[in-house]
2 protein chains.
Amino acid sequence: MNGVSVLIVDDHYLVIEGVRSLLQNEKNIEWQGHATSGESCLAFLQHHQPDVILMDINLGRESGIDLCKMIKEKYPGIHILGLSTFNQQSFIQKIIENGASGYVLKNATKNELLEAIFTVNAGKTYLSGDAFQMLRTKESTKIILTRREKEVLELIANGLTNNEIAIKLFVSVTTVDTHRKNLLSKFHARNIASLVKMAVQMELI
Amino acid sequence: MNGVSVLIVDDHYLVIEGVRSLLQNEKNIEWQGHATSGESCLAFLQHHQPDVILMDINLGRESGIDLCKMIKEKYPGIHILGLSTFNQQSFIQKIIENGASGYVLKNATKNELLEAIFTVNAGKTYLSGDAFQMLRTKESTKIILTRREKEVLELIANGLTNNEIAIKLFVSVTTVDTHRKNLLSKFHARNIASLVKMAVQMELI
DNA sequence: ATAAAAATCCTGTAAAAAGGGGAGTGCTAT
DNA sequence: ATAGCACTCCCCTTTTTACAGGATTTTTAT
């Protein structure tokens with residue numbers, strides 16, 4: 001056995017360098033390389049499948065979450081470990097929901113990183129301490145929107161009136177109004193102003 | 001001459017490792033070490049003063065911007081280079097205003113990083129391409145609100161109606177309405193929904 | 001297969017916001 | 001001293017939201 005093979009996907013060159021310098025001389029780790037975009041990652045996977053992928057959640061304008069989902073659909077055997085800074089709490093949950101096996105913060109130590117890699121490689125879940133806390137607190141306050149509600153919310157926040165939204169979505173104005181009512185009720189908001197504020201702050205928009 | 005001495009301040013261990021591995025073997029760079037908090041950075045400076053500090057703008061719950069200001073007051077000879085991810089545009093301007101000599105994104109290449117270090121060490125300003133763009137676009141799109149407008153905006157975003165705001169601020173409803181109109185016009189917004197979205201995204205709320 | 005969830009549509013009333021005007025007071029910086 | 005800005009106040013009309021009911025048809029998941 002050659003150790004756990006690892007690929008990193010991150011658009012921050014400095015982070016790639018950091019991880020590489022940490023893992024390069026580890027006996028039980030086989031460094032497979034890096035990708036800086038979803039595209040190059042998928043291309044890489046056509047020829048090599050690592051055991052574990054370290055995946056930055058925020059890949060410039062792309063989303064590591066979507067990429068995670070795609071990879072797990074095509075290569076369910078690969079274990080994915082989310083990677084990001086502490087101030088992107090809301091995404092931790094999303095990447096776990098989309099198939100990631102764990103989560104490590106970018107201020108992790110070498111030992112934490114190694115432990116995380118071996119844990120997910122063994123098929124278990126690894127959540128770095130703070131990440132676990134975040135999941136628990138998020139759990140209670142999170143608001144689940146339907147596909148249509150998200151669409152309507154987005155359009156409302158962009159300044160469209162019910163009438164305009166109805167035309168855009170090919171539905172009746174009363175339908176849009178119903179979605180609006182449900183949104184207000186889900187957010188416990190008094191009006192659209194406070195709803196939009198909350199939605200933007202929760203990064204739903 | 002021993003090269004440019006460099007200290008890095010960053011709460012992300014992986015980034016520290018990345019920069020270290022990039023700079024360690026450079027002949028013209030003298031690696032002085034790292035700090036992971038403002039406190040440890042200031043302690044370090046009492047004994048060694050590097051030529052250049054690479055400073056993460058976001059140090060956990062501390063702010064690299066405040067730290068930058070303190071360092072420049074005490075040690076004006078040290079050149080500071082801001083460091084962060086691309087999605088913290090609004091802070092670039094602030095750290096420059098607080099005495100930093102330049103700015104590098106964390107997805108910079110080795111050459112960009114070296115160029116930035118040598119440029120600021122020579123007393124000049126270095127802005128990585130995207131950062132320069134951001135400064136320029138920020139400049140033109142920034143919206144200046146009066147004291148009263150900020151108050152009204154805040155209350156609107158909290159879900160209060162004109163009537164309620166009028167009572168709270170001890171003014172007439174028509175006055176609040178005028179502020180509202182001026183806000184819409186300053187933001188070029190069609191309605192309060194889009195206004196609130198923009199305001200939250202610009203971190204005005 | 002069937003129950004639950006989501007999406008669609010309706011009627012009606014009252015409240016609030018958007019959009020258009022205009023206008024007086026007080027401060028402050030040139 | 002005076003032009004500019006912030007803050008205040010008013011009128012009017014139209015559009016849009018908010019709130020309260022109810023109802024039917026698709027999807028989706030077990």
Side-chain angles (χ1 to χ4, degrees), chain A residues 69 72-73 76 93-94 96-99 139-200 202 204-205, chain B residues 139-200 202 204-205:
Chain A
K69 195 175 177 185
K72 285 302 278 190
E73 276 167 11
Q93 182 152 16
K94 287 187 190 155
I96 299 288
E97 282 167 3
N98 282 282
E139 204 65 42
S140 51
T141 58
K142 89 172 161 194
I143 291 170
I144 295 159
L145 299 181
T146 67
R147 184 195 104 252
R148 214 47 162 173
E149 283 165 354
K150 279 181 206 156
E151 284 178 311
V152 172
L153 173 56
E154 187 92 40
L155 295 172
I156 288 174
N158 284 339
L160 304 218
T161 66
N162 285 350
N163 218 314
E164 293 166 330
I165 295 172
I167 292 166
K168 192 153 217 164
L169 299 183
F170 302 106
V171 294
S172 150
V173 193
T174 61
T175 303
V176 179
D177 191 55
T178 305
H179 288 310
R180 194 190 205 95
K181 277 190 268 190
N182 292 335
L183 283 166
L184 288 173
S185 128
K186 280 191 180 179
F187 278 83
H188 303 291
R190 305 180 58 192
N191 54 36
I192 287 298
S194 61
L195 188 156
V196 170
K197 188 184 89 165
M198 288 190 257
V200 177
M202 291 177 178
L204 292 171
I205 295 181
Chain B
E139 204 65 44
S140 53
T141 59
K142 108 172 144 193
I143 290 168
I144 295 158
L145 300 181
T146 68
R147 184 193 103 253
R148 213 48 161 172
E149 282 165 356
K150 278 181 207 157
E151 283 179 307
V152 172
L153 173 56
E154 188 92 41
L155 295 172
I156 288 174
N158 284 340
L160 304 217
T161 65
N162 285 351
N163 219 314
E164 292 166 332
I165 296 171
I167 292 165
K168 194 153 216 163
L169 298 183
F170 302 105
V171 293
S172 154
V173 193
T174 60
T175 304
V176 179
D177 190 57
T178 305
H179 288 310
R180 193 191 205 92
K181 278 189 247 185
N182 290 336
L183 282 166
L184 288 173
S185 126
K186 279 191 180 179
F187 278 82
H188 304 292
R190 304 181 59 193
N191 54 34
I192 288 297
S194 61
L195 188 155
V196 170
K197 188 184 90 165
M198 288 190 254
V200 177
M202 291 176 178
L204 292 172
I205 296 182

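Small disclaimer: the values here were computed from a predicted structure and weren't measured.
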Heavy-atom closest pair, residues [X] and [Y]:
X         : Y         : value
Glu73(A)  : Pro76(A)  : O-CD, 4.0 Å
Phe187(A) : Met202(A) : CE2-SD, 4.1 Å
Met198(A) : Ala189(A) : CE-CB, 3.6 Å
Glu149(A) : Ile144(A) : OE1-O, 4.4 Å

Given atom [atom1] of [X] and atom [atom2] of [N], what is their separation to the nearest angstrom?
X         : N       : atom1 : atom2 : result
Leu145(B) : dC5(D)  : CG    : C1'   : 14 Å
Asn182(A) : dC9(C)  : CG    : C1'   : 13 Å
Leu183(B) : dG19(C) : CG    : C1'   : 15 Å
Arg180(B) : dT15(D) : CZ    : C1'   : 14 Å
Phe170(B) : dC9(D)  : CZ    : P     : 12 Å
Asp177(A) : dT15(D) : CG    : P     : 18 Å
Leu169(A) : dC9(C)  : CG    : C1'   : 15 Å
Leu184(A) : dA20(D) : CG    : C1'   : 14 Å

Look for any protein N or O under 3.5 Å of an N or O in nucleotides 21-30 of chain D and output each such pair with its distance, or none.
residue	atom	partner	partner atom	Å
dG21(D)	O6	Lys181(A)	NZ	3.1

Looking only at side-chain N and O atoms, does [X] come under 4.0 Å of OP1 or OP2 in [N]?
X         : N      : answer
Thr175(B) : dC9(D) : yes
Arg147(B) : dC7(D) : yes
His179(B) : dC7(D) : no

Inset, instruction - For DNA chain C, find the residues of residues 156-167 of chain B with a heavy-atom distance under 4.0 Å and give them by number; none if there aren't any. - result: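 The stretch gives Thr161(B), Asn162(B) as the residues lying under 4.0 Å from the strand, ordered by number.
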Inset, instruction - May I ask you to list the residues of residues 189-199 of chain B, by number, that have any heavy atom positioned under 4.0 Å from an atom of DNA chain C? - result: Arg190(B), Asn191(B), Ile192(B)
Inset, instruction - Please work out if Thr174(B) contacts a base, only the sugar-phosphate, or nothing of the nucleic acid, heavy-atom cut-off 4.0 Å. - result: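 Here Thr174(B) touches the bases of the nucleic acid.
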So, the side chain of [X] versus the backbone of [Y]: is there a donor-acceptor pair under 3.5 Å, distance only?
X         : Y         : value
Asn191(A) : Ser194(A) : yes
Glu154(B) : Glu151(B) : no
Asn158(B) : Leu160(B) : no

Legend entry - Separation of Leu195(B) CG from Ile143(B) CD1 (nearest 0.5 Å):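 The CG atom of Leu195(B) is 8.0 Å from CD1 of Ile143(B), to the nearest 0.5 Å.
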Inset, instruction - Sort out for me which residue in Leu169(B), Val171(B), Asn163(B) forms a side-chain contact (heavy atoms from CB on, under 4.5 Å) with Ile167(B). - result: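 Checked Leu169(B), Val171(B), Asn163(B) against Ile167(B); only one passes side-chain contact (heavy atoms from CB on, under 4.5 Å): Asn163(B).
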Legend entry - Candidate list Asp177(B), Val173(B), Ile156(B), test side-chain contact (heavy atoms from CB on, under 4.5 Å), partner Ile165(B), passing option: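 So, applying the side-chain contact (heavy atoms from CB on, under 4.5 Å) to Ile165(B) and each of Asp177(B), Val173(B), Ile156(B), only Ile156(B) qualifies.
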Legend entry - Lys186(A) atom NZ: more than 12 heavy-atom contacts under 6.0 Å: yes
Inset, instruction - Assess whether side-chain contact (heavy atoms from CB on, under 4.5 Å) is satisfied between Leu183(A) and Ile192(A), documenting all intermediate values. - result: CA-CA 9 Å; Leu183(A) 283 166; Ile192(A) 287 298; over 6 Å; no
